[in-house]
Amino acid sequence: MAEREAGRQRGNAQWAVIDTGLRDADENMALDHALMAAVADGRLGASFRFLHFRDCALLGHHQSPRQELDLDFCAREGVQVQRRLTGGGAIIFDETQLGWELVCRREALPAGDMSFLAQEICEAAALGLRQLGVDAQFRPRNDIEVEGRKISGTGGIIDGQVVLFQGTVLIDLDIPRMLRILRVPLEKLDAHAIQSVAERVTSLRDLLGRLPSKAEVKEALVEGFRAHFAWDMCETPVPEVLTTYLPEALAIVRDPEWLQLQDRPRSEQALLQAVHRGSGGTLRSELLWDERGKRIRQIAFSGDFFVQPRRAVLDLEAALRNSHIEDLPQIVERWYHETPVDALGLQPSDFVQVVREALPCA
Amino acid sequence: MECNGCEFRAELYYDKESQVWARREDDGTLTVGMTDISQSIAGKILHVRVRRPGTRRPIGKPVATIESGKWAGPVPNVFDCVIELANEDVLEDPNLLNIEPYEAWIARVRPVASLEVALKDMVTGDAAFEMYKARCLRDDIHCERGMR
């Protein structure tokens with residue numbers, strides 16, 4: 001604990017808070033490149049940026065557009081498609097969401113390994129969201145959640161000594177639209193699909209029963225980072241130096257090659273499902289399967305079974321995200337023994353079984 | 001040879017931060033990969049992307065990018081080179097970088113200048129081990145191979 005405190009205190013005390021306003025996805029992504037380059041060149045200090053987007057879909061750095069998005073729908077609806085510098089999954093962004101990020105040299109942040117650093121940053125953001133009256137918490141490995149439901153996704157990039165770590169805040173969310181963009185076909189876009197997402201994702205509007213202003217959310221986030229790291233954060237105009245980096249950065253992200261950095265067929269990432277009937281009830285799995293890497297990219301369990309607390313299943317889903325199929329039994333066993341689960345006859349082997357039954361050649 | 005459980009191979013060349021290794025090949029190319037230190041810091045590696053063969057990568061422009069958990073990042077590049085080949089096994093299963101960092105090479109590249117010029121800023125042998133140990137101890141890095 002003392003080590004943790006010492007780590008926090010090692011951080012840089014001076015942070016410029018900037019808001020680059022409502023922009024198209026390409027400009028926002030180009031600004032990420034520009035910020036990193038300016039920090040790398042020593043022309044910009046530690047910066048905390050708020051981002052606002054026009055309707056768009058953002059791919060994780062290593063994702064394939066064809067695998068993740070309904071590109072025809074995006075083109076028809078004028079949804080811009082861009083690629084992030086950071087990893088993780090595809091997300092949608094519109095004016096009802098707020099992006100935040102910090103860009104700085106490594107030494108401006110607490111010492112420690114990369115997972116510790118990600119956790120520290122997520123805990124600062126969660127503390128900020130708690131100022132708004134929601135019980136936001138960091139969930140190990142993935143994101144910031146409220147009672148098991150995701151409210152903020154995060155990811156980072158480290159290039160030499162320069163770090164960029166960014167996240168979203170779902171102030172409001174149009175789930176059917178999100179599902180359409182993230183390639184859920186219209187015929188499958190039923191109440192079950194929408195309900196399934198609503199059980200796993202939430203928004204400030206949903207939790208507070210009102211739509212908080214972006215100014216309110218921004219203030220809360222800054223307060224969270226200030227309190228968690230004891231940083232001196234001061235709002236400043238967008239630094240002029242970025243304009244020298246922006247043209248080159250825009251050329252990179254507007255080059256079609258940027259979006260096609262990864263281009264893989266949909267067949268390598270199939271949506272699979274299975275139903276397993278055990279003594280504890282009927283268990284259904286739906287998973288996004290990476291055939292090439294033999295990994296579970298995403299998974300959702302549903303069905304007619306009893307598990308208390310309800311969030312335990314959501315925690316298992318989070319623990320299984322991006323896991324190799326060989327690790328499935330250990331992850332499920334660990335979850336079963338480390339979480340106080342009351343599962344009325346449902347055994348760890350049932351969860352393992354319903355995943356394996358969904359796989360090709362099971 | 002190792003330090004804090006981080007394996008070191010004296011016959012390879014290393015950058016000053018011991019992040020990447022390079023091996024001289026008989027045909028004048030260099031094989032490059034991540035060190036045990038780098039794979040341990042990165043954690044479980046989920047994605048690797050290598051630039052297309054034929055692409056020139058000047059100093060500082062990465063040959064490859066990796067992604068692990070919450071973090072993405074370029075694999076540092078310390079010489080001007082053209083990519084000749086990506087390791088398909090690693091592209092197929094990026095986790096190999098965690099399991100056997102010195103067997104699981106990332107790419108084979110041809111230096112634009114001579115091999116000697118390309119390797120002039122890299123260190124090998126005992127001097128490299130001293131540098132490698134210093135990095136492990138300075139940043140308190142402990143290595144673990146084989147994480148899935």
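Convention: sequence-line order gives letters A, B, ...; per-chain numbering from 1.
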Proximal component of B:Ile141, with respect to chain A [non-hydrogen, under 4.5 Å]: neither

Rounded distance [0.5 Å steps], NE2 in A:His324 versus CG in B:Asp93: 5.5 Å

Residues, nucleotides or ligands: over 12 heavy atoms within 6.0 Å of B:Arg138 CZ: yes

A:Arg295 and B:Asn95, any side-chain heavy atoms less than 4.5 Å apart: yes

Which atoms of B:Ser68 approach chain A - backbone, side chain, both or neither, heavy atom under 4.5 Å: neither

B:Asp27, CG: over 12 other non-hydrogen atoms inside 6.0 angstrom: yes

Residue part contacting chain A, namely of B:Val75, when any heavy atom lies under 4.5 Å: neither

Nearest heavy-atom neighbours spanning B:Leu46 and A:Arg297: O-NH2, 4.0 Å

A:Glu257, part contacting chain B, at a heavy-atom distance under 4.5 Å: side chain

Shortest non-hydrogen contact from B:Trp71 toward A:Ile157: CE3-N, 3.6 Å

Closest-packed option against chain A by number of heavy-atom pairs under 4.5 Å, given B:Glu17, B:Glu92, B:Arg49, B:Gln19: B:Arg49

Minimal non-hydrogen separation, A:Gly87 against B:Ala72, with atom names: N-CB, 3.7 Å

Heavy-atom pairs under 4.5 Å with chain A, option from B:Ile41, B:Asp139, B:Val48, B:Ile66 with the top count: B:Ile66

Segment of B:Pro74 engaging chain A (4.5 angstrom heavy-atom cut-off): both

